[in-house]
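Proteins get letters first, then strands, A, B, ... in listed order; numbering begins at 1 in each.
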There are 2 protein chains.
Amino acid sequence: MSASEGSPPTMREVAAHAGVSVMTVSRALHDDPRVSPRTRARVLAAAEELSYRRNELARSLRLGRPSGMLGLVVTNLANPFYSQLALGVETLAAARGMKVVLSNTGDDVERERQIVSDLAAWRVEGMIVVPAGRDQSHLDSPQLNGIPVVLAARPPADIAVDCVLLDDYGGAKEATARLLASGHQRIGFLSPPAVWNSAERLRGFRSVMEAAGIDLDERFVRCEQRDVTAAERTAQELLALTNSPSAFFCANSRNAIGAYRAARGTNQDIALSCFDDFELADMLGLSLSVVSYDPAAIGRESARLLLSRIDAASNSKDGLPPRRIVLPTTVVDYGPEADGRKGCPAGASAPSWRRSATRPGTP
Amino acid sequence: MSASEGSPPTMREVAAHAGVSVMTVSRALHDDPRVSPRTRARVLAAAEELSYRRNELARSLRLGRPSGMLGLVVTNLANPFYSQLALGVETLAAARGMKVVLSNTGDDVERERQIVSDLAAWRVEGMIVVPAGRDQSHLDSPQLNGIPVVLAARPPADIAVDCVLLDDYGGAKEATARLLASGHQRIGFLSPPAVWNSAERLRGFRSVMEAAGIDLDERFVRCEQRDVTAAERTAQELLALTNSPSAFFCANSRNAIGAYRAARGTNQDIALSCFDDFELADMLGLSLSVVSYDPAAIGRESARLLLSRIDAASNSKDGLPPRRIVLPTTVVDYGPEADGRKGCPAGASAPSWRRSATRPGTP
DNA sequence: TTGTAAGCGTTATCAC
DNA sequence: GTGATAACGCTTACAA
């Protein structure tokens, strides 16, 4: 027999049911040794019967503790990059018995400000934020009464907080270098509108081109493509130029796939290099290098930093300076097998996380 | 000048700072008209100066309201299916000013039980759960003291709760029918180990085969492939049989991509039909039909049902029977263009959600 | 217009 | 061993 619907039972009801005081119930549920085995049994039975569960809200209020919650604020959960990041955060939080409150900003700074304020009002113990813009004043420590913040995937702008970044610059340099090593000189750059990551990737690209003494044709730098279709159109434009690019470096896989589609439409032999490993990358039938990395690791590292801040705060050992962790990238070459067959079996040369169960589709 | 670190200020501190009573602060922050403009101003100034934020935990405790939170429990957030579902939930929750507490079970029922109990202890107002197994007793209403539950993507087993499902059966039937219409009779079925969804898809497949009077070769039914590599291996095995399949129906895109890889390795002309639309589906150079759908819609519908339950509970209009919503699927044909070029431009014939910003990769 | 008292569900402290 | 009392931060009800 269990509770008959309605609002959750309180300690008072359990106490009444067991014929003891509230305090005894509290103690029994805490395995306090001072309560006699007999009463403890009675209390537990009553609690069981009512499906009683301690109200953690009330508990944490009384204890003065915060909430046992972490806030996680991302820009677009539909993007696997952020959902894998979220999984990384959840994993570490769960291991510490903490809950994760998830919000999506859609890259809207105003919404971000609102959400962050909300999370603070709910007394989360800390937040991991993928900041939407350069206005980050609302993420600063005094604003938040000392609730620690870690920025993920994008760096702080004028605020003193920890952050975990990807080596966008280094990855872009290495990927560009591969194209140069294959003899390409006229290289197009495709990216979405510049958030910080794309800008870093462009910076890496430029740096290598410059170091190689190549005079970059500025018409080849196009940073407006948000989706595959736009990328395909832009790539077509570039390929139609006289003295068109012989290769593209793409700041993400959407742009790379667009470039691939455009390349298929010409007879030109185009090489590709891009960020973000993707399914079927080895079956494209053209030369492709991808900058690969583990988004979940960004989440895990962010959570690790955040938890250490939370611990530091409770030990009043506050004062360590903002930390910045930069996670490495790996470049994977997918050869230009004639028609996409043989060579590199799926995941063979790819880093381990490629092989994890992150592929699209229902279970 | 703002607050000097430390734990968040309380109303008492704001009151002291403004030289008024706690009650006046409460009223001022609520825009209660009974407080004079002068004092209101003083209070707001003090609050501002201390970066005061109402403690929503304490507030909701006093109000007897639950927490303004929804619980969301998924099996694998790294799978875009579930992260898009999560985004759907978050969108509706945010529109109602509610927070989402996110947990990942990794398909472990024991963890699910623990998480659900936790969420109840934190007094979430309701939960959306992708159940990991057939033991769902912990999701039943009495167990949860009347906290409403909605199951997403998988049906209830012996419990009376709302659920939102995909039309796995219907989608599978239609996709199989396409293969039959193209003249295929020897069709292999590939799926991951049977959770409910895959089983339904197999049921749809069998039903159409049977209706067509085709005697299904049971060697062709293989339900063990969790990832692309395993699927490729299995498909290779089947293709090596005498009288091998001329087509595959795959229960998800991982199996489809495996089958594609295997098909590329033979000279046979293989047709494919599968669940889950995926990038580059139109560039594969073989006949492919995909069952497409919107995972975010599952999340949105689940949230809608859950919120309506929550409203019903507060209106004590409780008593409507469990509802079951089945969301439709669409079959998209990607023609067998010679080498993956021309025809169907990306997303042209695909449903609108294909074009949304759900493509992999960093922003 | 403002302040006081009581209580939401829990626990620390002190009494019995 | 067990129970009364006060308090966490806030708000409703009532008094001034």
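- Residues of residues 23-38 of chain B that place a heavy atom closer than 4.0 Å to DNA chain D, in numerical order, are B:Met23, B:Ser26, B:His30.
- In the region residues 115-124 of chain A, proximity to DNA chain C at under 4.0 angstrom, judged on heavy atoms, holds for none of the residues.
- Contact annotation: A:Thr39 reaches the phosphate of D:dT2 (side-chain N/O to OP1 or OP2, under 4.0 Å).
- For B:Tyr52 and D:dG9, the shortest distance from a side-chain N or O to OP1 or OP2 is not below 4.0 Å.
- Residues B:Val20 and B:Arg62 both approach DNA chain C. Their nearest nucleotides, taken by heavy-atom distance, put B:Val20 toward the 5′ side.
- Across every non-hydrogen atom of B:Ala47 and B:Val14, the tightest pair is N-CG1, 3.9 Å.
- Here the shortest heavy-atom pairing between A:Leu165 and A:Trp196 reads CD1-CH2, 3.9 Å.
- Closest non-hydrogen pair, A:Val89 versus A:Gly299, comes out as CG2-O, 3.5 Å.
- The C1' atoms of five pairs define one axis at each end of the helix from C:dT1-D:dA16 to C:dC16-D:dG1, and these two axes lie 50° apart (to 10°).
- Nearer the 5' end of DNA chain C, as judged by each residue's closest nucleotide, is the contact made by B:Gly64, out of A:Arg59 and B:Gly64.
- Residues satisfying the salt bridge (charged side-chain N to carboxylate O under 4.0 Å, His left out) criterion with A:Asp140, sequence neighbours excluded, are absent altogether.
- In 5' to 3' order, the nucleotides of DNA chain C bounding all contacts with chain B (an atom under 4.0 Å from a heavy atom) are C:dT1 to C:dG9.
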Give the table of side-chain donor-acceptor pairs shorter than 3.5 Å for residues 90-97 of chain B, with sequence neighbours excluded, one pair per line with atom names and distance.
unit_1: B:Glu90; atom_1: OE2; unit_2: A:Asn104; atom_2: N; d: 3.1
unit_1: B:Thr91; atom_1: OG1; unit_2: B:Leu87; atom_2: O; d: 2.7
unit_1: B:Arg96; atom_1: NH1; unit_2: B:Asp311; atom_2: OD2; d: 3.2
unit_1: B:Arg96; atom_1: NH2; unit_2: B:Asp311; atom_2: OD1; d: 2.9

